[in-house]
Amino acid sequence: MQMDPQELLSLCKRRGFLWPAYDIYGAVSGLYDYGPLGAALKNNIENQWRRLYVLQEGFYEISCPVVAPEPVFKASGHVDAFCDVYVECTSCGETYRADHLAAGMHPNPASLGEHELGKLLKANGVKCVECKGELTEPKRFNLMFKTSIGAGKGKTAYLRPETAQGMFVNFAQVYRYGRERLPFGAVQVGRAFRNEISPRQGLIRLREFSMMEAELFVHPEDKTWPGFRKVKDRAMPLVPSKGDPRTIRLDEAVKAKVIGNEVLAYYMWLTYKFALDIGLDPARLRFRQHEKTEMAHYASDCWDLEAETGYGWIELVGVADRGCYDVQAHIDHSGADLTAFERFDEPKEVEQDVVKPDFGELGPLFKGKAKKVAEALSRLSPESAKGKDKVMVEVDGEKVSVPAKCFEVSRRKEKVSGRKIVPHVIEPSYGVDRMMFALLDHAYSKKDDYVTLRLKPLVAPIKVGVFPLMPKDGLDEIAQGIYNDLTGAGFDSYLDDSGSIGRRYARMDEVGTPWCVTVDYDTKNDGTVTVRDRDTAEQTRIKKEKVPKAIEALVKGAGLSSLNTLR
RNA sequence: GCGGCUGUAGUGUAGACUGGUUAUCACUUGAGCUUGCCAAGCUCAAAACUCGGGUUCAAAUCCCGGCGGCCGCACCA
């Protein structure tokens with residue numbers, strides 16, 4: 001069923017899930033405020049995710065700043081690659097992506113900077129496709145929000161476009177925290193920012209949004225996974241980039257190379273399970289594999305969990321194999337050692353040639369530069385130095401010729417007890433806001449203009465409505481007592497004594513509250529209250545003292561009929 | 001960023017073309033009466049012309065611009 005998203009957004013605004021941000025000043029597109037119910041629903045989704053990743057799977061949760069200095073995103077590639085290069089027609093104002101216009105003029109136009117693209121377009125005499133007008137010089141639009149740290153000119157910085165980098169730059173710390181073992185994972189739940197050119201569709205494309213990201217660091221040559229055995233006969237609906245869409249068992253998918261490896265398959269399954277746990281409709285979920293051309297600059301394989309909503313199929317989660325791209329990039333840019341140490345079973349005796357600088361000769365010859373020259377020499381491969389009468393090395397960007405008397409190539413015995421490896425990263429990256437929107441979309445049901453949100457108890461912002469049938473005769477005080485018991489026991493509850501009982505049930509149904517407890521005149525006689533189920537409108541009576549216990553059982557999945565013992 | 005359409009109480013709307021008294025209606029919300037289990041009724045109340053400029057004696061209404069929304073293009077790590 002395709003529903004009108006406007007209807008859902010209207011409910012969200014009316015009932016306090018969602019409001020356009022800064023509305024009294026005219027609002028800003030792509031920014032939303034969460035109202036009390038939205039904030040609660042979002043928390044419930046995030047906490048369920050933590051239960052899965054942190055408690056069950058043993059990932060380490062960290063929390064990093066939203067602002068980061070420029071070098072971080074230089075290294076990650078976002079400063080250069082997370083942007084679009086535009087040209088504009090000077091006469092009709094139409095804009096084009098410069099790399100699209102350059103298609104066919106260069107093997108990979110997307111890899112060029114704006115100056116090269118400008119030259120290329122000029123050289124090929126490219127004009128406006130619409131009106132043949134002159135085009136402007138290419139302009140670059142980076143999708144990151146730029147800011148600065150500190151007074152005056154300060155230090156250039158950006159708001160993070162993903163939380164992932166925080167986990168990559170903390171690799172060494174988290175690796176040590178986990179007592180230096182692979183594989184291990186880190187997670188982060190938090191805000192990220194993208195200065196979208198044209199945010200649309202409510203919560204689907206936001207400029208500030210929440211992500212739940214997990215980075216699993218694995219051995220680059222071992223992508224088997226111990227947990228895979230337990231889930232291998234489960235099936236998921238897949239839309240591979242090659243071949244037909246099909247629902248396929250995980251072990252078959254890995255065997256047939258539809259999914260690249262066991263780790264990726266396992267975390268796709270975990271993602272699928274999470275989606276079902278919070279209440280997304282399995283009939284409206286699928287995994288779609290990225291085409292090679294749509295893959296991010298860092299990914300080698302990527303599957304999106306997509307949900308069908310009033311906006312069509314939308315991406316909720318990306319599960320990507322990022323290879324060693326990010327960790328290697330931060331090693332290269334920062335010089336930090338972000339490797340894991342793989343211990344051999346037995347330490348090995350290794351004989352190898354090394355280039356050994358002779359400081360007695362280097363000193364007089366190179367003076368202050370001698371130390372750097374020596375370091376450069378040590379980095380040379382022995383083969384390239386052996387038997388030469390001089391070698392070229394690069395010091396501070398300058399080529400230096402070093403005569404043979406300054407070094408010797410000698411054979412050295414070493415005990416090697418292991419090796420440094422750069423881990424590969426499997427990344428499940430969840431868009432919280434999108435998941436929440438899809439959840440509301442899938443939960444929305446309407447019968448003769450009566451709206452019920454069939455949210456699962458696990459995520460429902462309010463678990464119980466508590467009503468006195470009449471706000472008098474002491475019923476209201478009893479209801480207040482039950483309400484206090486429930487909130488005391490940790491359940492989000494809602495006390496409502498206004499309007500007819502039917503209206504109060506309707507109010508709770510519309511925001512997805514799974515149960516309502518009503519205090520009536522029998523309560524005064526026999527101490528029982530009714531418990532009503534949202535989806536069936538069925539009721540059962542239980543002792544009023546047992547209400548918190550009953551709700552606890554119901555949240556855990558017990559049916560209404562199981563409450564008989566609490567009568 | 002471009003083009004088309006569009007913006008009236010918390011929500012959904014009438015009024016606009018053809019400018020003119022106190023801006024329509026419903027739901028919602030609050031108070032009271034009533035009501036003894038599924039959006040009942042009555043009374044009262046609260047609540048809006050997206051913002052700025054222009055035309056005019058007079059603008060919710062016509063014109064221009066900003067902001068927001070929807071759709072299409074483009075974009076989407």
Side-chain angles (χ1 to χ4, degrees), chain A residues 4-7 9-16 19-31 35 73 76-78 81-89 92-97 99-100 130 139 141 143-144 160-165 192 194-202 204-206 211 213 290 294-299 302 304 311 314-315 318 320 322 325-326 427 429 431 448-452 465 467-473 475 498-510 516-524 529-534 536-539 541:
Chain A
D4 180 6
Q6 290 312 307
E7 215 172 279
L9 281 177
S10 159
L11 178 134
C12 286
K13 279 198 261 180
R14 198 155 35 83
R15 299 310 306 270
W19 300 310
Y22 311 113
D23 199 29
I24 64 169
Y25 288 104
V28 180
S29 84
L31 300 179
F73 296 117
S76 70
H78 287 90
F82 192 48
C83 59
D84 299 326
V85 180
Y86 279 97
V87 291
E88 210 171 326
C89 172
C92 75
E94 182 67 287
T95 54
Y96 301 96
R97 270 197 50 186
D99 56 332
H100 286 185
E130 290 296 318
K139 276 181 273 186
F141 181 71
L143 264 42
M144 286 191 292
R160 63 186 182 189
E162 57 174 10
T163 68
Q165 297 307 324
R194 293 176 191 176
N195 199 359
E196 296 285 352
I197 297 168
S198 165
R200 287 283 165 82
Q201 305 179 313
I204 305 308
R205 276 174 69 198
L206 296 172
M211 307 179 87
E213 292 194 296
H290 277 205
E294 85 183 286
M295 212 103 69
H297 63 270
Y298 50 70
C302 184
D304 284 347
Y311 290 121
I314 58 168
E315 173 197 340
R322 292 177 79 137
Y325 180 91
D326 302 276
E427 177 198 75
S429 169
D448 305 326
D449 282 336
Y450 189 99
V451 172
T452 304
F467 316 144
L469 186 61
M470 289 293 133
K472 59 181 183 186
D473 302 327
L475 301 187
S498 122
S500 74
I501 192 75
R503 178 183 301 275
R504 285 177 270 167
Y505 286 140
R507 268 202 280 258
M508 287 291 97
D509 288 345
E510 200 184 18
C516 294
V517 169
T518 301
V519 175
D520 59 16
Y521 286 90
D522 289 349
T523 311
K524 293 178 76 175
V529 295
T530 63
V531 180
R532 168 208 184 249
D533 179 78
R534 176 192 66 206
T536 60
E538 275 170 28
Q539 293 189 347
R541 295 197 76 92

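First the proteins, then the strands, lettered A, B, ... as listed; each starts at 1.
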For atom OH of A:Tyr22, decide whether the heavy atoms of other residues, nucleotides or ligands shown that lie under 6.0 angstrom number more than 12.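 Not buried by this count: 12 neighbours or fewer within 6.0 Å.
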
[X] has an atom [atom1]; how far is it from atom [atom2] of [N], in whole Å?
| X | N | atom1 | atom2 | result |
| --- | --- | --- | --- | --- |
| A:Gln201 | B:rC73 | CD | P | 11 Å |
| A:Tyr22 | B:rU50 | OH | C1' | 19 Å |
| A:Leu31 | B:rC67 | CG | C1' | 13 Å |
| A:Asp448 | B:rC27 | CG | P | 18 Å |
| A:Arg205 | B:rG69 | CZ | P | 12 Å |
| A:Ile204 | B:rC71 | CD1 | P | 11 Å |
| A:Asn195 | B:rC76 | CG | P | 15 Å |
| A:Lys13 | B:rU50 | NZ | P | 14 Å |

In whole Å, what separates the [atom1] atom of [N] from that of [M]?
| N | M | atom1 | result |
| --- | --- | --- | --- |
| B:rA60 | B:rU55 | P | 16 Å |
| B:rU43 | B:rU34 | C1' | 11 Å |
| B:rA46 | B:rG52 | C1' | 29 Å |
| B:rA14 | B:rU50 | P | 14 Å |
| B:rC37 | B:rG10 | C1' | 28 Å |
| B:rA59 | B:rG53 | P | 13 Å |
| B:rG69 | B:rC33 | C1' | 43 Å |
| B:rC63 | B:rG7 | P | 12 Å |

Residue whose nearest RNA chain B nucleotide is more 5′ - A:Arg194 or A:Ser29: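 By nearest-heavy-atom nucleotide position, the 5'-most residue is A:Ser29.
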
Please figure out whether A:Pro199 or A:Ser10 has its closest RNA chain B nucleotide nearer the 5' end.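 Closer to the 5' end of RNA chain B: A:Ser10.
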
Verdict with supporting geometry, A:Thr530 and A:Val517, side-chain contact (heavy atoms from CB on, under 4.5 Å): CA-CA 6 Å; A:Thr530 63; A:Val517 169; over 6 Å; no

Before accepting this row, confirm whether a basic side-chain N of the pair [X]/[Y] lies closer than 4.0 Å to the acidic partner's carboxylate O.
| X | Y | value |
| --- | --- | --- |
| A:Glu510 | A:Arg14 | yes |
| A:Arg532 | A:Glu538 | no |
| A:Arg541 | A:Asp520 | yes |

Applying a 3.5 angstrom cut-off to the pairing atoms, does RNA chain B sit in any stems of at least three consecutive Watson-Crick or G-U pairs? List them by first number.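 Output for stems: B:1-7 with B:67-73, B:10-12 with B:25-27, B:29-33 with B:41-45, B:50-54 with B:62-66.
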
Between A:Tyr505 and A:Thr518, is any side-chain donor less than 3.5 angstrom from a side-chain acceptor?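 A pair is found: one side chain offers a donor N or O, the other an acceptor, under 3.5 Å apart.
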
Would you compute the distance between atom SG of A:Cys516 and atom CD of A:Gln539 and round it to the nearest 0.5 angstrom?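 Reported value, rounded in 0.5 Å steps: 9.5 Å.
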
Indicate the atoms forming the closest heavy-atom contact of A:Pro161 with A:Phe73, along with that distance.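 Smallest heavy-atom distance, with atoms named: CD-CE2, 3.5 Å.
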
Name all residues meeting the side chain to side chain donor-acceptor pair (under 3.5 Å) criterion together with A:Glu315; count only those two or more places apart in sequence or in a different chain, and write none if there are none.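 Counting only residues at least two positions away or on another chain, A:Glu315 forms no side chain to side chain donor-acceptor pair (under 3.5 Å).
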
When we call it a touch if two heavy atoms are under 4.0 Å apart, what does A:Gln6 touch: a base, just sugar-phosphate, or nothing?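 Sugar-phosphate, no base atom in range.
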
Under 4.0 Å protein heavy-atom contact, by nucleotide of nucleotides 31-41 of chain B - B base, S sugar-phosphate only: ----BBBBBB-

Is a donor on one side and an acceptor on the other found under 3.5 Å between the side chain of A:Glu213 and the backbone of A:Ala164?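 Yes; judged by distance alone, with no hydrogens or angles, the pair exists.
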
